[in-house]
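Everything below concerns the one structure shown next.
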Amino acid sequence: MGILEELAGAAVAVEGAKKLDPNAGIVTEGIAAVVGFEGTEAVTNLIDKKEEEKKDQQG
């Protein structure tokens, strides 16, 4: 997975935090960015793992 997908996840998480709390501070936005970045990576790793398991079962 590329850095662009991870940055997009971070941006979406920050925008989501702003929607939930329009008065969100820089710390809240920073935490949201980190969570979005790491969350995107975790989901992608899970998908990759599932695809590898599927290939192993087929082959």
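- D21 meets the side-chain contact (heavy atoms from CB on, under 4.5 Å) test with N23, A24; sequence neighbours excluded.
- Nearest heavy-atom pair, A17 versus A32, reported as atom, atom and distance to 0.1 Å: CB-CB, 3.9 Å.
- Annotation: side-chain contact (heavy atoms from CB on, under 4.5 Å) contacts of K50 (sequence neighbours excluded): L46, E53.
- For the atom pair CD of E15 and NZ of K18, the computed distance is 5.0 Å after rounding to the nearest 0.5 Å.
- E51 meets the side-chain contact (heavy atoms from CB on, under 4.5 Å) test with I47, D48; sequence neighbours excluded.
- Clustering ILVMFWY residues whenever any of their side-chain heavy atoms sit less than 4.5 angstrom apart, transitively, puts I26 in the very cluster that holds V35.
- Between the CD atom in E41 and the CD1 atom in I3 there is a gap of 9.0 Å [rounded to 0.5 Å].
- In this structure, OG1 in T40 is found 7.0 Å from CD in E6, a value given to the nearest 0.5 Å.
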